[in-house]
Asker: 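Dropping the structure in here first, questions after.
In this chain, numbering begins with 1 at the start of the sequence shown. Model, not experiment: these values are computed from the prediction.
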Amino acid sequence: MGSAGNISVRLPEGGFLMTPTNASLGRLVPDELSVLDTEGRHISGPKPSKEVVMHLAVYEARPAAGAVVHLHSTYATAMSCLAGTAPAGEGPSRADTIPALTPYFVMRVGRSVPFVPYFRPGTEAGVADVRAAASVSAGILLGNHGSIVAGSTLHDAVNAAEEFEASAQLAFLLEGRATRALTPDEISELEHMKVGR
């Protein structure tokens with residue numbers, strides 16, 4: 001994973017822990033995490049990632065979220081660069097940029113993945129679009145950027161982010177081929193199931 005992305009966790013007493021800029025996600029050390037208050041202001045530790053505003057938008061839209069994982073993983077980023085998604089400045093698209101091909105995608109990420117057009121990382125420019133997309137899905141594809149996924153716990157968010165990337169890889173490899181996605185009835189059967197239950 002390297003430093004390609006960032007992670008945040010909601011603290012039980014309020015506020016957040018977040019990875020700092022250029023943190024290696026594979027070698028995180030507790031003392032090297034940024035501590036933020038409930039408004040996302042830096043309290044202690046190293047300077048947090050510039051993506052704080054995007055994480056806060058997801059938490060605002062998903063009050064039950066306990067963690068958010070944002071990655072620049074290969075296949076999700078490749079899918080985010082393909083033509084045919086919503087043009088910049090036109091708000092989030094409900095186009096299913098990553099189709100529901102497997103039951104685990106539905107159980108970990110959800111029914112569909114909205115697309116948010118490109119905005120410069122660390123700015124407020126796309127925050128409203130991220131908030132709108134997060135209100136309907138735990139996973140979002142960020143134009144020319146990667147993925148952002150919420151989960152009720154850090155464990156759930158990491159598993160969902162991994163499933164998001166695996167599903168993006170499948171969608172990328174199958175693009176242009178006759179593919180059978182899950183039917184609406186099959187998706188409905190899975191929507192409220194969790195992996196392992």
Side-chain angles (χ1 to χ4, degrees), residues 1-7 25-26 51 54 57-58 61-62 65 67-119 121 126 129-197:
M1 242 187 262
S3 59
N6 36 73
I7 298 171
L25 301 183
E51 303 283 22
M54 186 169 65
V58 174
R62 303 188 76 78
V68 173
V69 176
H70 165 51
L71 298 177
H72 309 151
S73 53
T74 303
Y75 285 95
T77 303
M79 292 296 292
S80 80
C81 295
L82 292 176
T85 51
E90 292 192 11
S93 166
R94 284 298 298 156
D96 293 336
T97 51
I98 298 176
L101 296 171
T102 70
Y104 297 97
F105 174 82
V106 176
M107 290 187 284
R108 287 193 169 127
V109 180
R111 167 179 289 268
S112 63
V113 171
F115 175 82
V116 170
Y118 175 80
F119 62 94
D129 289 346
V130 169
R131 190 179 299 109
S135 71
V136 296
S137 178
I140 303 166
L141 191 63
L142 302 165
N144 298 83
H145 192 162
S147 65
I148 188 161
V149 181
S152 57
T153 66
L154 179 58
H155 186 262
D156 288 345
V158 168
N159 284 342
E162 289 175 352
E163 191 64 40
F164 191 116
E165 175 63 8
S167 297
Q169 182 177 9
L170 285 173
F172 189 86
L173 293 172
L174 294 170
E175 188 178 24
R177 297 179 180 214
T179 304
R180 181 198 181 276
L182 295 174
T183 68
D185 286 345
E186 290 167 338
I187 291 170
S188 293
E189 287 180 340
L190 297 165
E191 266 189 308
H192 301 292
M193 292 178 64
K194 297 292 181 195
V195 177
R197 289 187 185 170

Asker: Donor-acceptor pair, Glu186 side chain versus Thr183 backbone, under 3.5 Å?
Answerer: yes

Asker: I need the single residue from Val149, Asp129, Val130 that forms a side-chain contact (heavy atoms from CB on, under 4.5 Å) with Ile140. Which is it?
Answerer: Val130

Asker: Taking it one step at a time, do Leu71 and Leu25 satisfy side-chain contact (heavy atoms from CB on, under 4.5 Å)?
Answerer: CA-CA 10 Å; Leu71 298 177; Leu25 301 183; 3.8 Å; yes

Asker: In the structure I gave you, are the side-chain heavy atoms of Leu154 and Ile7 within less than 4.5 Å of one another anywhere?
Answerer: yes

Asker: Hey, what do you get for CD1 (Ile98) to CD (Gln169), rounding to the nearest 0.5 Å?
Answerer: 11.5 Å

Asker: Just verifying a value: how many Å separate Leu141 CG and Ser112 OG, rounded to the nearest 0.5 Å?
Answerer: 12.0 Å

Asker: Could you pull out the closest heavy-atom pair between Ala100 and Arg111, with the gap in Å?
Answerer: CB-O, 3.9 Å

Asker: Are Thr74 and Glu165 close enough that some pair of their side-chain heavy atoms sits under 4.5 Å apart?
Answerer: yes

Asker: Taking all atoms of both residues into account, what is the closest heavy-atom pair of Arg62 and Ala150, and its distance?
Answerer: CD-CB, 4.0 Å

Asker: Between Ser80 (side chain only) and Gly143 (backbone N and O only), is there a donor and an acceptor less than 3.5 Å apart?
Answerer: no

Asker: For Thr179 and Arg177, indicate whether the former's side chain and the latter's backbone hold a donor-acceptor pair under 3.5 Å.
Answerer: yes

Asker: Give me the atom names and distance for the closest heavy-atom approach of Val109 to Ser137.
Answerer: O-OG, 4.4 Å

Asker: side-chain contact (heavy atoms from CB on, under 4.5 Å) between His145 and Thr77: does it pass, once the steps are laid out?
Answerer: CA-CA 6 Å; His145 192 162; Thr77 303; over 6 Å; no

Asker: Could you walk me through whether Leu190 and Leu182 pass the side-chain contact (heavy atoms from CB on, under 4.5 Å) test, one step at a time?
Answerer: CA-CA 10 Å; Leu190 297 165; Leu182 295 174; 3.9 Å; yes

Asker: On the 0 to 90° scale, with breaks at 30° and 60°, tag the Tyr75-Phe172 ring pair as parallel, tilted or perpendicular.
Answerer: perpendicular

Asker: Kindly compute the distance separating CD (Glu162) from OG (Ser147), expressed to the nearest 0.5 Å.
Answerer: 11.0 Å

Asker: First locate atom CZ of Phe105, then atom CG of Leu170, and finally report the distance between them rounded to the nearest 0.5 Å.
Answerer: 10.5 Å

Asker: What's the spacing between Phe164 CZ and Ile148 CD1 if we round to 0.5 Å?
Answerer: 10.0 Å

Asker: Quick one: does Ser135's side chain get under 4.5 Å of Arg131's, heavy atoms only?
Answerer: no

Asker: Considering non-hydrogen atoms only, spot the tightest contact between Leu142 and Met54 and give its length.
Answerer: CD1-SD, 3.6 Å

Asker: Can you give me the closest heavy-atom contact between Ala181 and Leu101, atom names plus distance?
Answerer: CA-CD2, 3.9 Å

Asker: I need the Glu163 CD to Asp156 CG distance, nearest 0.5 Å.
Answerer: 12.5 Å

Asker: Considering all heavy atoms of both residues, which atom of Gly151 and which atom of Ala157 are nearest to each other, and what is their separation?
Answerer: N-CB, 3.7 Å

